[in-house]
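The structure appears right after this line, and notes come after that.
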Amino acid sequence: MAAAAAVTRVGWRQGVLRLPRRGFAFHGCRPGPERGAEPGDSTQSRVSRSCPPRKSCNDWIGPPDRYSNLRPIKFYIPENESPLEQQLRKLRQETQEWNQQYWANQNQTFNKEKEAFIHSRLKARGLGLKDETGKKITLNAEEMADFYKDFLSKNFQKHMYYNRDWYKRNFTITLFMGRVALERIWKKLGFKQRELSRPYLIYSG
């Protein structure tokens with residue numbers, strides 16, 4: 001069963017939240033001024049069709065996507081968003097879209113190959129997919145372990161590349177978060193920080 005959990009992603013490690021199946025739950029402060037909008041941002045709309053309230057000053061976490069099982073995030077866009085804050089938000093949006101696509105494809109491949117494996121094993125016994133009562137026939141844990149082991153083995157390199165890129169992206173995001181926090185501190189102190197607003201990226205796709 002541990003192998004099965006490693007193959008399909010049930011949810012992001014960052015957010016294990018029990019949220020309603022419909023709508024979004026906010027993360028951050030209370031609802032505030034009118035939510036900003038940016039015409040060029042299409043990443044969020046591709047991740048989920050659900051939308052949080054227009055008036056919000058929060059990032060909103062939605063219900064799990066039906067294909068990837070990941071909870072999409074609608075990122076708050078403040079009216080006075082700095083260039084550095086915009087870089088951070090767009091990087092997080094792009095990383096979410098990348099993660100979404102990977103696990104949607106991976107889960108689809110996993111489910112198709114799993115069904116094909118079960119069908120082949122049952123066919124070898126002269127059985128159909130359902131019994132006389134119409135109940136779906138399943139294989140036991142030992143039989144399914146063969147499939148999980150084979151699937152993980154075939155996708156080992158793919159998972160390795162994913163993990164490598166995942167850590168690189170998270171390191172870059174963490175670095176940007178630190179720079180944004182430092183920029184906000186400087187603003188509060190009344191300093192102009194041109195260096196922090198300069199485009200700066202470590203991750204390259």
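For Lys123, the side chain to side chain donor-acceptor pair (under 3.5 Å) test picks out no residue, with sequence neighbours left out. Applying the ring-ring contact (aromatic ring centres under 6.0 Å, His included) test to Tyr102 and every residue at least two apart in sequence or in another chain returns Tyr162. Judged as a side chain to side chain contact (heavy atoms under 4.5 Å, CB included), and not counting sequence neighbours, the contacts of Glu142 are Asn140. Applying the side chain to side chain donor-acceptor pair (under 3.5 Å) rule to Glu113 yields the partners Lys154; only residues at least two apart in sequence or on another chain are considered.
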Quick one: do Gln87 and Val180 satisfy side-chain contact (heavy atoms from CB on, under 4.5 Å)? Show the steps, please.
CA-CA 10 Å; Gln87 289 183 62; Val180 167; over 6 Å; no
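For the pair Tyr148 and Phe117, the minimum side-chain heavy-atom distance is 4.5 Å or more. Side-chain atoms of Asp65 and Trp103, non-hydrogen and from C-beta on, never get closer than 4.5 Å to each other. Using a 4.5 Å heavy-atom threshold, the side chains of Leu152 and His159 count as touching. A 4.5 Å side-chain heavy-atom check between Phe147 and Ile118 finds every atom pair outside the cut-off.
A side-chain donor-acceptor contact under 3.5 Å links Asn111 to the backbone of Asn107. Within the 3.5 Å criterion, the main-chain N or O of Lys149 finds no donor-acceptor partner in the side chain of Ser153.
The two atoms that bring Tyr76 and Arg89 nearest to each other are O-CD, 3.8 Å, heavy atoms only.
A donor and an acceptor atom, one from each side chain of Glu97 and Gln101, are located under 3.5 Å apart.
With side-chain heavy atoms closer than 4.5 Å counting as contact, directly or through intermediates, Tyr67 stands alone and belongs to no larger hydrophobic cluster.
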